[in-house]
2 protein chains.
Amino acid sequence: MSLKEELKLKKGFDIVEHEAALNVYFTAACLKKRADAFFKSFSLTDVQFNVMMLLVYQAGPEGGLSQAQLSDMMLVNRANITTLIDRMEKAGFVIRTSDSADRRTNIIRLTAKGKNFYTKAEPYYDQQIKKMMTGLNQSEQKKLISTLEKVRAGLKE
Amino acid sequence: MSLKEELKLKKGFDIVEHEAALNVYFTAACLKKRADAFFKSFSLTDVQFNVMMLLVYQAGPEGGLSQAQLSDMMLVNRANITTLIDRMEKAGFVIRTSDSADRRTNIIRLTAKGKNFYTKAEPYYDQQIKKMMTGLNQSEQKKLISTLEKVRAGLKE
DNA sequence: TTAAAATTGTTAATATATAAACTATACACA
DNA sequence: TGTGTATAGTTTATATATTAACAATTTTAA
């Protein structure tokens with residue numbers, strides 16, 4: 001179904017670039033909504049889950065990541081990390097620790113609660129994301145990935 | 001460049017579905033950031049521009065759209081439209097009018113200021129979106145559109 | 001060594017989004 | 001006609017995101 005049909009628009013799109021960009025945008029929104037619904041049963045959000053995933057798989061030698069690293073890996077503003085980590089700290093999933101090498105820096109670490117939670121939730125997430133992407137086969141997904149890489153490359157200029 | 005490289009991750013992605021979904025998500029975020037930067041010079045946001053575009057091209061016989069219609073066309077919650085239209089009303093771009101056919105309903109209309117603004121801004125937007133999508137040729141864009149349609153179709157189940 | 005430039009995390013203000021609950025209104029059905 | 005259900009928009013609280021400005025700290029360059 002075309003986006004025009006899905007959004008029930010009277011008039012379609014004259015410029016294919018505009019249509020392509022809107023398709024990316026709204027597909028992401030649909031993915032996010034579906035993910036949000038999934039994570040709701042775990043009482044956290046997709047963004048918080050992403051933080052945990054980053055801490056599990058991308059932690060440095062200090063056993064965590066700095067807020068600046070998190071903001072870089074999530075493509076969001078540093079200011080946003082503050083309240084995000086506040087909420088996750090409050091929920092008991094992460095702690096802020098000081099960095100012995102740099103007094104400006106916090107190292108964000110998963111708590112035992114956070115680790116346990118993540119370990120339990122990950123298989124369910126894996127299952128869910130596979131379900132979510134059943135519209136494409138493996139080869140189509142790989143092609144989509146490389147196409148979107150091209151889009152992003154074109155944005156860098 | 002792969003997402004792993006862009007985000008400077010130590011560890012890549014084990015599940016291609018996850019990688020594909022993240023590519024959609026982050027590409028949309030990159031598009032949005034670029035669009036935000038563009039619209040900043042016009043002192044409005046991409047979401048507000050989208051509202052204006054919808055009012056110009058999708059208005060009904062009453063010369064506008066209801067808030068519920070806008071929320072459907074934008075795939076966002078009705079509650080979100082309230083404050084969005086508040087801000088646009090405050091900026092003088094739109095007005096809320098009553099709907100003679102249904103006393104619960106507001107019809108959102110562009111003001112003369114809003115119409116003039118949109119008419120001036122649209123050609124610049126067209127130019128900009130073409131520039132933003134230069135990573136793909138026309139055929140690749142059409143292929144991307146149909147792939148994303150498949151993703152969304154798979155999400156409906 | 002010193003001063004300038006860069007980086008880290010926070011704060012405050014703003015924008016976009018969600019959910020739940022509500023009132024008023026409209027619709028559907030018996 | 002009356003009752004139950006659905007819808008429109010708002011309010012409140014919460015989450016995610018941006019910007020600009022700031023103080024503390026670190027890095028860079030002269």
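Quick note: numbers below take in every heavy atom, side chains included, and nothing from hydrogens, waters or symmetry partners. Nothing here was measured: the structure is a model prediction, and the numbers come from that model.
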Donor + acceptor pair across side chains of A:Ser71, A:Arg78 (<3.5 Å):
no
Examine distances only and state if a side-chain atom of A:Lys33 and a backbone atom of B:Leu75 form a donor-acceptor pair shorter than 3.5 Å.
yes
When you check the phosphate oxygens OP1 and OP2 of C:dA15, does a side-chain N or O of B:Lys40 lie under 4.0 Å from one of them?
no
Within this structure, what is the CG-to-P distance between A:Asp36 and C:dA19, rounded to whole angstrom?
8 Å
Any Lys/Arg nitrogen of A:Lys131 or A:Asp126 sitting under 4.0 Å from an Asp/Glu carboxylate oxygen of the other?
no
Chain B reaches DNA chain D, atoms under 4.0 Å from its heavy atoms, from D:dA6 to D:dA20
Short side-chain donor-acceptor distance under 3.5 Å, B:Glu17 and A:Gln138:
yes
Ignoring backbone atoms, establish whether A:Lys32 has a side-chain N or O less than 4.0 Å from OP1 or OP2 of C:dA17.
no
Measure from NZ or CZ of B:Lys113 to the centre of the six-membered ring of B:Phe93 and say whether it is under 6.0 Å with the direction within 45° of the ring axis.
yes
Are any of the side-chain nitrogens in A:Lys8 or B:Asp72 under 4.0 Å away from the carboxylate oxygens of its partner?
no
Nearest whole Å is fine: how far is C:dA17 C1' from B:Tyr25 OH?
11 Å
Look at all strands and tell whether A:Ala79 reaches a base, only sugar-phosphate, or nothing, counting heavy atoms closer than 4.0 Å.
base
How close or far is atom C1' of C:dA6 from atom CZ of A:Arg78, stated in whole angstroms?
10 Å
Rounded to the nearest angstrom, tell me the gap between atom CZ in A:Arg104 and atom C1' in C:dG9.
10 Å
Say whether, by atom type as modelled, one donor and one acceptor occur between the side chain of A:Gln58 and the main chain of B:Lys10 under 3.5 angstrom.
yes
Inspect the contact between A:Glu140 and B:Lys143 and indicate whether a charged nitrogen and a carboxylate oxygen are less than 4.0 angstrom apart.
no
Counting only heavy atoms and a strict 4.0 angstrom limit, can you tell me which residues of residues 41-49 of chain B come near DNA chain C?
B:Thr45, B:Val47, B:Gln48
Report the distance from atom CG of A:Leu84 to atom P of C:dT11, rounded to the nearest whole Å.
15 Å
Please work out if A:Thr105 contacts a base, only the sugar-phosphate, or nothing of the nucleic acid, heavy-atom cut-off 4.0 Å.
sugar-phosphate
Residue met sooner reading DNA chain C from 5', once B:Arg103 and B:Met74 are mapped to nucleotides
B:Met74
Position toward the 5' end of DNA chain D (nearest nucleotide), A:Ile81 or A:Asp102:
A:Ile81
I want to confirm an ordering. Mapping A:Thr83 and B:Val76 to their closest nucleotides on DNA chain C, which one lands closer to the 5' end?
A:Thr83
Looking only at side-chain N and O atoms, does A:Asn106 come under 4.0 Å of OP1 or OP2 in C:dT10?
yes
What heavy-atom pair brings A:Leu55 and A:Arg109 nearest, and what distance separates the two atoms?
CD1-C, 4.3 Å
So what does A:Asn80 hit on the nucleic acid, given a heavy-atom distance under 4.0 Å: a base, only sugar-phosphate, or nothing?
base
Please report the distance, rounded to the nearest Å, between CZ in A:Arg87 and C1' in C:dT18.
13 Å
Examine A:Phe49 together with A:Phe42 and report whether their ring centres are nearer than 6.0 Å.
no
Rounded to whole angstrom units, what separation is found between the CG atom of A:Asn77 and the P atom of C:dT10?
13 Å
To the nearest angstrom, how far is A:Leu65 atom CG from C:dT8 atom P?
13 Å
